[in-house]
Participant: 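First the structure, then my questions, so here it is.
Index from 1, following the sequence. Heavy atoms only: backbone and side chains are in, while hydrogens, waters and symmetry mates are out.
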Amino acid sequence: MLFDLGLDKQVAGITKFCVHPEKWFLSKRRIGGTKNLHFDVIQELNPDLIIANKEENNKQDIDRLEKDFPVWVSDVSDLHSALEMIHFVGEITSTNPSALIREIESGFEHLKPLNPAKRVLYLIWNAPYMAAGTDTFIHDMLQRCGFENAVRLTRYPELSME
């Protein structure tokens, strides 16, 4: 999204999970993973703004970062909140996300969900097995595509083979 907003020169660092666009994957400094930040690298980069996500970053790390830097935390749980987040990032970065938002909305307007729906289990981790629950962005995307989430619990519950 930041790349699509034209912020190539402004982005100083990315996580190890930021693999797109490939140009950034190959050239931007890594600040660790979303759960294991390299605070020394962040200090060295001295960012004007840190964009974090409630889903991916833990509160202790955010609190620590906020002592030295402005931090903006998104909270995305469905398409509507994702589009709001893009709008807000546009505001705080002085960019215009209108074309990007229209492109995303248009794509969903043309989406033809599976009919009949197929029941799925969306695993996000193993050891322990964890799945996307009902109040997540993944759940919203599954529903929009015509899938029925087999998990009826909230957030990301741990599951056993049983």
Participant: Can you confirm whether Val73 sits close enough to Ile62 that some side-chain heavy atom of one is under 4.5 Å from a side-chain heavy atom of the other?
Facilitator: yes

Participant: Between Arg155 and Glu55, is the closest basic N to carboxylate O distance under 4.0 Å?
Facilitator: yes

Participant: Check for me, please, whether Phe88 and Met1 land in the same ILVMFWY cluster - side-chain distances under 4.5 Å, paths through other members count.
Facilitator: yes

Participant: Is the closest side-chain heavy-atom distance between Val151 and Pro157 below 4.5 Å?
Facilitator: yes

Participant: Within the 4.5 Å heavy-atom criterion, are Met85 and Trp72 side-chain neighbours or not?
Facilitator: yes

Participant: Are side-chain heavy atoms of Leu114 and Cys145 found at a separation under 4.5 Å?
Facilitator: no

Participant: Do Met141 and Val120 sit in one hydrophobic cluster, given that two such residues count as connected whenever their side-chain heavy atoms are within less than 4.5 Å of each other, even indirectly?
Facilitator: no

Participant: Between Val41 and Arg29, is any pair of side-chain heavy atoms under 4.5 Å apart?
Facilitator: yes

Participant: Can Arg30 and Thr15 be said to form a side-chain contact (heavy atoms from CB on, under 4.5 Å), step by step?
Facilitator: CA-CA 5 Å; Arg30 303 270 182 218; Thr15 75; over 6 Å; no

Participant: I'd like to know if Trp125 and Leu121 are part of one continuous hydrophobic network [Ile/Leu/Val/Met/Phe/Trp/Tyr, side-chain heavy atoms within less than 4.5 Å].
Facilitator: no

Participant: At what distance, to the nearest 0.5 angstrom, does CD1 of Ile101 lie from CG of Asn96?
Facilitator: 8.5 Å

Participant: Which atoms form the tightest heavy-atom contact between Phe137 and Ala82, and what is the distance?
Facilitator: CE1-CB, 3.8 Å

Participant: Go through the steps to decide whether Ser74 and Ile51 satisfy the test side-chain contact (heavy atoms from CB on, under 4.5 Å), and finish with yes or no.
Facilitator: CA-CA 8 Å; Ser74 67; Ile51 298 176; 5.7 Å; no

Participant: Would Ile42 and Leu37 satisfy side-chain contact (heavy atoms from CB on, under 4.5 Å), going step by step from the backbone distance to the final call?
Facilitator: CA-CA 8 Å; Ile42 296 170; Leu37 299 175; 4.2 Å; yes

Participant: Below 4.5 Å, heavy atoms only, C-beta onward: do Ile31 and Ile14 meet side chain to side chain?
Facilitator: no

Participant: Report the distance from atom CZ of Arg119 to atom CZ of Phe147, rounding to the nearest 0.5 Å.
Facilitator: 14.0 Å

Participant: Tell me whether the count of non-hydrogen atoms from other residues, nucleotides or ligands lying under 6.0 Å of CG in Asp40 goes above 12.
Facilitator: yes

Participant: Do other residues, nucleotides or ligands put more than 12 heavy atoms under 6.0 Å from Phe108 CZ?
Facilitator: yes

Participant: Rounded to the nearest 0.5 Å, what separates atom CD1 in Ile86 from atom OG in Ser98?
Facilitator: 11.0 Å

Participant: Step through the shown structure and confirm whether more than 12 heavy atoms of other residues, nucleotides or ligands are within 6.0 Å of OH on Tyr122.
Facilitator: no

Participant: Side-chain contact, heavy-atom cut-off 4.5 Å: Leu123 with Met130?
Facilitator: no

Participant: Salt-bridge test for Lys118 and Glu148: reply yes if a basic N is under 4.0 Å from a carboxylate O, no otherwise.
Facilitator: no

Participant: Of all heavy-atom pairs between Ala132 and Ile124, which one has the smallest distance, and what is that distance?
Facilitator: N-CG2, 4.3 Å

Participant: State plainly whether one hydrophobic cluster holds both Leu159 and Ile138, where clusters connect Ile, Leu, Val, Met, Phe, Trp and Tyr through side-chain heavy atoms under 4.5 angstrom apart.
Facilitator: no

Participant: Does the pair His139 and Arg144 meet the rule for a side-chain contact (heavy atoms from CB on, under 4.5 Å), with working shown?
Facilitator: CA-CA 9 Å; His139 176 81; Arg144 290 172 184 278; over 6 Å; no

Participant: Within this structure, what is the NZ-CG distance for the pair Lys16 and Asn36, rounded to the nearest 0.5 Å?
Facilitator: 6.5 Å

Participant: Which residues satisfy the side-chain hydrogen bond (donor to acceptor under 3.5 Å, both in side chains) test with Asp8, sequence neighbours excluded?
Facilitator: Lys23, Trp24

Participant: What distance do Thr93 atom OG1 and Leu2 atom CG have between them, rounded to the nearest 0.5 Å?
Facilitator: 7.0 Å

Participant: Could you state the interatomic distance from CD1 (Ile104) to CD (Glu109), rounded to the nearest 0.5 Å?
Facilitator: 12.0 Å

Participant: Does the salt bridge (Lys or Arg N to Asp or Glu O under 4.0 Å) test come out yes or no for Lys67 and Asp63, once each step is laid out?
Facilitator: CA-CA 7 Å; Lys67 290 178 182 172; Asp63 291 344; over 6 Å; no

Participant: Quick one: which residue pairs count as a salt bridge (charged side-chain N to carboxylate O under 4.0 Å, His left out) with a foot in residues 95-105, not counting sequence neighbours?
Facilitator: none

Participant: Tell me yes or no: between the side chains of Asp135 and Ser77, is some donor less than 3.5 Å from an acceptor?
Facilitator: no

Participant: Going by heavy atoms in the side chains, are Leu5 and Pro97 under 4.5 Å from each other?
Facilitator: yes

Participant: Look at the side-chain heavy atoms of Ile, Leu, Val, Met, Phe, Trp and Tyr, link any pair under 4.5 Å apart, and say whether Phe3 and Leu83 land in one connected group.
Facilitator: yes

Participant: Which heavy-atom pair separates Asn58 from Asp61 by the least distance, and what is that distance?
Facilitator: OD1-N, 2.8 Å

Participant: Of all heavy-atom pairs between Leu100 and Asp4, which one has the smallest distance, and what is that distance?
Facilitator: CD1-OD2, 4.0 Å

Participant: Is there a donor-acceptor pair closer than 3.5 Å between any side-chain N or O of Asn126 and the backbone N or O of Pro128?
Facilitator: no

Participant: Using the test side-chain contact (heavy atoms from CB on, under 4.5 Å), find all partners of Gln43 that sit at least two apart in sequence or belong to another chain.
Facilitator: Asp68, Phe69

Participant: Does any N or O in the side chain of Asn57 come within less than 3.5 Å of the main-chain N or O of Thr34, such that one atom is a donor and the other an acceptor?
Facilitator: yes

